[in-house]
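A short worksheet on the structure shown next.
Every value quoted in this text rests on a predicted model; they were computed, and no experiment measured them.
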Amino acid sequence: MTTRQRGRGILLTSGLAIVLAVVGLPFYWLVVASTRSSKEIFDSPPPMLPGGHLLDNLNTLQDSAQFGRVVLNSLLIAAVYTLCAGAVCTLAGYGFAKYRFRGREAVFGLLMLGLVIPAQVTLVPLFRMMTDLEWLNTYQAVIMPNLALPFGIFLMRQSMGALPDELLDSGRMDGCGELRLFLRVALPPMKPALAALAIFLFLYQWNDFLWPLLVLRDGASFTIPVALASLQGLDETDYGAILAGTSIAALPMAAVFLALQRHFVSGLLAGAVKE
């Protein structure tokens with residue numbers, strides 16, 4: 001290795017270390033603040049070492065927001081939503097990519113309008129629909145309205161479009177039914193795209209705040225974002241407890257990403273493949 005190459009390596013490593021420090025510092029301070037009292041959080045300069053109030057903050061979370069139950073609510077809703085929405089988006093993407101029918105492009109274009117229409121526009125009609133179905137304060141009211149997510153369908157359509165038609169035709173010639181063809185032939189090569197879709201859907205539901213806030217009424221059925229928002233009082237707010245809850249909320253997101261990161265980038269790139 002020449003001196004010039006060694007210098008480039010040092011510069012690259014130093015640059016990456018600086019970027020890592022800039023990105024990681026807020027997360028480190030979040031963990032530190034979750035172990036501090038509200039008064040200590042606002043000290044100047046801010047504390048940069050862990051304190052001794054973590055258990056107090058966790059007890060406040062449990063007493064004020066039933067946080068153990070809230071975490072289970074969020075995990076259940078996010079997991080069920082990821083599975084159901086993933087199935088809907090994958091089937092829809094497969095249908096748009098591999099079946100020819102009249103008006104296919106027009107229907108897909110209308111569906112893609114959902115990417116540019118603000119979600120707030122649909123809140124009132126969706127809320128009326130949940131009221132008519134008597135689904136308010138239920139898990140299905142949080143899960144059902146966004147199962148056919150336009151971005152998820154778009155991602156899977158683009159990924160399925162890269163699948164050779166000859167592979168499907170050979171399966172049909174061997175007597176494979178359409179459902180079996182989808183499960184045994186089309187899905188296995190789509191693992192990277194499915195991993196990217198799963199990460200996106202899980203994070204989308206895990207972080208959703210506005211819609212659960214509207215349809216969930218009982219504190220025992222709250223999700224984490226709604227429960228943390230309920231801890232903000234008009235006169236006093238326990239920021240130590242809120243930041244402790246935020247730290248806990250970040251753990252499942254990190255776990256899902258780390259578990260699927262091997263397929264994540266290739267799955268996103270698969271969405272750029274043209275038919």
side-chain contact (heavy atoms from CB on, under 4.5 Å) partner of Phe67, chosen from Leu58, Leu72, Leu228 =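 Result: among Leu58, Leu72, Leu228, Leu228 is the only option passing the side-chain contact (heavy atoms from CB on, under 4.5 Å) with Phe67.
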Assigning hydrophobic clusters by single linkage (Ile, Leu, Val, Met, Phe, Trp, Tyr; side-chain heavy-atom cutoff under 4.5 Å), is [X] placed with [Y]?
{"X": "Leu243", "Y": "Leu54", "answer": "no"}
{"X": "Leu179", "Y": "Leu167", "answer": "yes"}
{"X": "Leu91", "Y": "Leu110", "answer": "no"}
{"X": "Phe202", "Y": "Ile77", "answer": "yes"}
{"X": "Ile117", "Y": "Val124", "answer": "no"}

Could you tell me whether the side chain of [Y] reaches within less than 4.5 Å of the side chain of [X], counting heavy atoms only?
{"X": "Tyr94", "Y": "Leu187", "answer": "no"}
{"X": "Cys89", "Y": "Leu149", "answer": "yes"}
{"X": "Val80", "Y": "Cys84", "answer": "yes"}
{"X": "Val185", "Y": "Leu168", "answer": "yes"}
{"X": "Ser38", "Y": "Thr237", "answer": "no"}
{"X": "Leu231", "Y": "Asp238", "answer": "no"}
{"X": "Met48", "Y": "Val32", "answer": "no"}
{"X": "Trp135", "Y": "Val215", "answer": "no"}

Distance-only, no hydrogens or angles: does the [X] side chain make a donor-acceptor pair with backbone N or O of [Y] under 3.5 Å?
{"X": "Trp211", "Y": "Ala141", "answer": "yes"}
{"X": "Trp29", "Y": "Pro46", "answer": "no"}
{"X": "Asp56", "Y": "Ser37", "answer": "no"}
{"X": "Gln62", "Y": "Asn59", "answer": "no"}
{"X": "Arg69", "Y": "Phe222", "answer": "no"}
{"X": "Ser230", "Y": "Ala227", "answer": "yes"}
{"X": "Asp43", "Y": "Pro45", "answer": "no"}

Could you please spell out the steps behind the side chain to side chain contact (heavy atoms under 4.5 Å, CB included) verdict for Phe101 and Phe96?
-> CA-CA 9 Å; Phe101 53 90; Phe96 279 118; 4.1 Å; yes
Mind listing the closest non-hydrogen atom pair of [X] and [Y] along with its distance?
{"X": "Pro145", "Y": "Met130", "value": "CG-CE, 4.2 Å"}
{"X": "Thr60", "Y": "Ala241", "value": "CG2-CB, 3.9 Å"}
{"X": "Glu40", "Y": "Pro47", "value": "O-CD, 3.3 Å"}
{"X": "Asn57", "Y": "Ala244", "value": "CB-CB, 3.9 Å"}
{"X": "Ala186", "Y": "Met190", "value": "O-CG, 3.2 Å"}
{"X": "Arg100", "Y": "Ala97", "value": "NH1-O, 3.2 Å"}

Is atom [atom1] of [X] surrounded by more than 12 heavy atoms (other residues, nucleotides or ligands) closer than 6.0 Å?
{"X": "Met144", "atom1": "CE", "result": "no"}
{"X": "Phe27", "atom1": "CZ", "result": "no"}
{"X": "Arg172", "atom1": "CZ", "result": "yes"}

About how many Å separate [atom2] of [Y] and [atom1] of [X], when rounded to the nearest 0.5 Å?
{"X": "Leu30", "Y": "Leu25", "atom1": "CG", "atom2": "CG", "value": "11.0 Å"}
{"X": "Met156", "Y": "Leu197", "atom1": "CE", "atom2": "CG", "value": "6.0 Å"}
{"X": "Leu136", "Y": "Asp218", "atom1": "CG", "atom2": "CG", "value": "12.5 Å"}
{"X": "Met160", "Y": "Lys98", "atom1": "CE", "atom2": "NZ", "value": "9.0 Å"}
{"X": "Ile199", "Y": "Thr82", "atom1": "CD1", "atom2": "OG1", "value": "10.5 Å"}
{"X": "Ile248", "Y": "Ile224", "atom1": "CD1", "atom2": "CD1", "value": "7.5 Å"}

Residue pair Leu111, Val107: steps toward the side chain to side chain contact (heavy atoms under 4.5 Å, CB included) verdict = CA-CA 6 Å; Leu111 183 64; Val107 173; 5.6 Å; no
In terms of side-chain heavy atoms, does [X] have a donor or acceptor partner in [Y] at a distance below 3.5 Å?
{"X": "Glu178", "Y": "Tyr99", "result": "yes"}
{"X": "Tyr81", "Y": "Asn146", "result": "no"}
{"X": "Asn137", "Y": "Ser221", "result": "yes"}

Does the ring of Phe108 carry Arg157 above it, NZ/CZ under 6.0 angstrom from centre and within 45° of its axis?
-> yes
Given the rule in the side chain to side chain contact (heavy atoms under 4.5 Å, CB included) test, do His53 and Thr35 qualify, once you have shown the distances and angles that lead to the verdict?
-> CA-CA 5 Å; His53 292 274; Thr35 66; 5.9 Å; no
Apply side chain to side chain contact (heavy atoms under 4.5 Å, CB included) to the pair Thr90 and Leu194, showing each step before the final yes or no.
-> CA-CA 8 Å; Thr90 303; Leu194 290 172; 3.5 Å; yes
Look at the rings of Phe151 and Phe154 and say which category their plane angle falls in: under 30° parallel, 30 to 60° tilted, over 60° perpendicular.
->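 Correct class here is tilted.
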